[in-house]
Amino acid sequence: MATIRYFKGDVFHTPSDGKLEYIEEALIQVDDAGIITKVTAKTDQGYESELAKASENLQALSAGQCFLPGFVDLHVHAPQWPQAGIALDEPLNVWLDECTFPLEAKYADPAFAKAVYQDLVAQLLARGTTTVLYFATIHLEASLQLAKTCAALGQRGLVGKVVMDDPQANPAFYRDASTEEALADTERFIQEVQAIAKTAPQGVYPVVTPRFVPSCTDKGLAGLGALAEKYDVHVQTHCSEGQWEHDFVQERFGKTDTEVLQDFGLLREKAVMAHGNFISPADGARFVESGAAVAHCPISNAYFANGVIPIKRLKEQGVTIGLGTDISGGFSPNLYDNIKQAVMSSRMLEDGVDVTLPQNTRGVADSRISVIDAFSLATKGGGEALKLPVGVIKEGYAFDVQVIDTRQKENPLPDFGVFTSPEARLQKILYLATMQNIRQVWVQGKKVHEKRGE
Ligand code: GUN
Ligand code: FE
């Protein structure tokens with residue numbers, strides 16, 4: 001007979017966008033497949049009798065602990081992990097040519113790839129990130145290594161072999177040998193990751209991944225659109241990240257990135273476009289219509305975007321948006337840091353930055369988002385972008401959670417019996433928690449990280 005496991009503790013999540021739901025001492029039932037079958041609140045009828053059934057299958061959190069949904073990181077360049085925190089003083093195109101491509105070229109060596117990827121996946125899990133949409137490199141073997149690492153360490157990983165097939169646009173030491181080979185490798189990659197997925201109950205998925213429009217030929221982009229359609233898999237790329245990319249694509253096609261991606265069949269239901277800083281209202285409508293989503297990468301954008309994305313406007317238009325770290329354009333592997341930066345960037349957009357201008361002309365009115373909105377992007381928004389049942393703690397969703405300990409000795413959050421509302425408690429966690437406070441991390445009902453010590 002199937003066993004049901006029971007977890008009891010306070011839950012904070014946003015089942016509808018930006019709206020906090022707090023469930024005090026929730027009783028969460030999880031089946032053998034790691035799926036939540038029922039969540040009962042203390043005030044619900046039958047709570048006591050459900051609790052009595054739990055007996056030895058119950059795991060209850062202690063005082064000061066709570067459940068948050070695991071985070072969904074919609075944009076990580078796994079091979080750039082050794083470069084996190086460095087080389088951030090150049091514009092994007094120089095950074096790519098001088099730092100990033102020489103580093104990514106090293107992944108021709110699968111052993112190097114394995115060492116980096118094992119460290120990165122474990123580090124992301126330890127920061128509460130349970131689902132990740134990854135760019136790997138152009139190399140088939142090393143990209144498969146990343147999918148295998150996610151499968152082995154229990155993370156829900158969506159992985160793309162990167163395509164850079166234009167010999168005019170990419171250096172000889174780091175590009176696909178030809179368009180034909182790039183497409184053939186992508187197809188093989190899709191099939192092999194689908195085979196690896198059979199060993200990973202939490203799910204490991206192949207992703208069609210043109211690096212961005214400037215690095216691909218028209219034939220390459222069209223071929224990738226056709227593969228996405230043939231296998232009905234996820235798609236990811238960079239879209240309208242900075243002024244340089246925006247202008248480059250305008251010059252080559254006389255269109256925006258969004259229009260070009262749509263023309264090649266890449267703007268689709270399970271597509272996640274990184275950044276999207278320059279998407280216009282008309283582009284936003286194309287996102288809404290196609291079901292494609294934006295990965296907002298606020299730390300990276302502070303360095304490379306040349307502007308601040310109007311998240312509030314896009315959300316109001318109905319665009320699906322989640323959060324990404326963009327390692328290593330973004331220096332931090334931590335989505336908590338990106339939640340904070342998403343709020344701060346939106347405030348600077350609203351107020352404006354040039355104090356020599358009159359206050360009422362300095363910013364873009366009605367642009368700010370709250371820290372609960374940003375938390376919602378990192379959880380529910382990510383799940384919606386990927387069309388996966390993750391990011392919310394409710395029936396039918398995967399049991400992907402972080403157990404937060406606000407009384408952890410190395411970083412106890414200030415609690416003097418004041419500011420005890422659920423909203424204040426969550427705000428404090430989002431602004432002040434560090435990885436010290438992340439006691440356990442679960443993916444699809446399996447414990448994949450436990451903090452050592454107290
Ligand atoms: N555009 C194309 N490649 C990259 C990359 O590796 N990082 C970022 N931030 N933007 C890109
Ligand atoms: Fe990126």
Side-chain angles (χ1 to χ4, degrees), residues 73-107 116 120 124 132-139 142-143 146 158-166 169-171 174-176 207 209-216 220-221 224 235-249 252 257-258 260-261 266 271-279 293-309 322-333 335 338 341 345 385:
D73 191 334
L74 287 183
H75 190 48
V76 173
H77 294 268
Q80 296 174 18
W81 178 226
Q83 181 177 268
I86 62 164
L88 290 166
D89 300 320
E90 303 290 351
L92 183 66
N93 51 329
V94 178
W95 176 81
L96 287 172
D97 289 340
E98 293 183 4
C99 307
T100 307
F101 294 161
L103 171 60
E104 292 193 13
K106 292 190 195 302
Y107 291 75
V116 174
L120 174 64
L124 294 176
V132 184
L133 178 56
Y134 288 109
F135 275 59
T137 58
I138 62 166
H139 315 98
S143 303
L146 179 54
L158 299 96
V159 181
K161 173 228 148 353
V162 174
V163 170
M164 303 165 63
D165 68 315
D166 188 346
N170 302 296
Y174 190 54
R175 65 180 181 229
D176 291 292
V207 185
T209 307
R211 183 171 207 116
F212 62 162
V213 171
S215 58
C216 297
L221 292 167
L224 291 174
V235 173
Q236 64 183 340
T237 190
H238 297 88
C239 171
S240 294
E241 178 176 3
Q243 192 69 52
W244 172 81
E245 180 184 345
H246 185 67
D247 295 347
F248 182 100
V249 175
R252 177 165 149 199
D257 257 19
T258 305
V260 171
L261 292 167
L266 292 160
V272 178
M273 304 304 178
H275 305 284
N277 298 306
F278 286 68
I279 62 183
V294 169
H296 175 33
C297 306
I299 293 183
S300 171
N301 287 348
Y303 292 81
F304 294 121
N306 320 115
V308 176
I309 183 172
L323 272 196
T325 56
D326 193 21
I327 291 167
S328 67
F331 58 80
S332 173
L335 275 173
N338 279 278
Q341 187 64 50
S345 294

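Atoms within each ligand, like the ligands themselves, are counted from 1 in listed order. Bear in mind that the values here come from a model prediction, so they are computed numbers and not experimental data.
For Phe278 and His246, the distance between ring centers is under 6.0 angstrom.
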Does His77 form a side chain to side chain contact (heavy atoms under 4.5 Å, CB included) with Tyr134? I'd like the steps, not just the answer.
CA-CA 6 Å; His77 294 268; Tyr134 288 109; over 6 Å; no

Run the side chain to side chain contact (heavy atoms under 4.5 Å, CB included) check on His75 and His296 step by step: do they pass?
CA-CA 8 Å; His75 190 48; His296 175 33; over 6 Å; no

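Using a 4.5 Å cut-off on side-chain heavy atoms (C-beta onward), Leu124 and Val132 make contact. When side chains are defined from C-beta on, Arg211 does not count as touching Arg175, because their heavy atoms never get closer than 4.5 Å.
We find that Asp176 and Lys161 are joined by a salt bridge, their nearest charged nitrogen and carboxylate oxygen being less than 4.0 Å apart.
Shown here are the protein N/O/S atoms lying under 2.8 Å from the Fe ion (ligand 2), water excluded: His75 NE2, His77 NE2, His238 NE2, Asp326 OD1.
Only the side chain of Gln80 comes within 4.0 Å of ligand 1, counting heavy atoms alone; its backbone N, CA, C and O stay farther away.
In terms of protein heavy atoms, atom 10 (N) of ligand 1 is closest to Glu241 OE1, 2.6 Å. The protein heavy atom nearest to atom 6 (O) of ligand 1 is Arg211 NH2, 2.7 Å.
For ligand 1, the atoms closer than 4.0 angstrom to any heavy atom of Phe212 are 1 (N), 2 (C). Each of the following atoms of ligand 1 lies closer than 4.0 Å to a heavy atom of Leu96: 2 (C), 3 (N), 4 (C), 5 (C), 6 (O).
Remark: side-chain polar atoms of Glu245 are paired, donor with acceptor, to backbone N or O of Ser240 under 3.5 angstrom.
Taking the six-membered ring where tryptophan is involved, the planes of Trp244 and Phe212 are tilted, since the angle between them lies from 30° to 60°. Taking the six-membered ring where the residue is Trp, His238 and Phe135 present tilted rings, their angle falling between 30° and 60°.
Residue contact annotation: Phe304 has no non-hydrogen atom under 4.0 Å from ligand 1. Between Trp95 and ligand 1 there is a heavy-atom distance shorter than 4.0 Å. At least one heavy atom of His275 sits closer than 4.0 Å to an atom of ligand 1.
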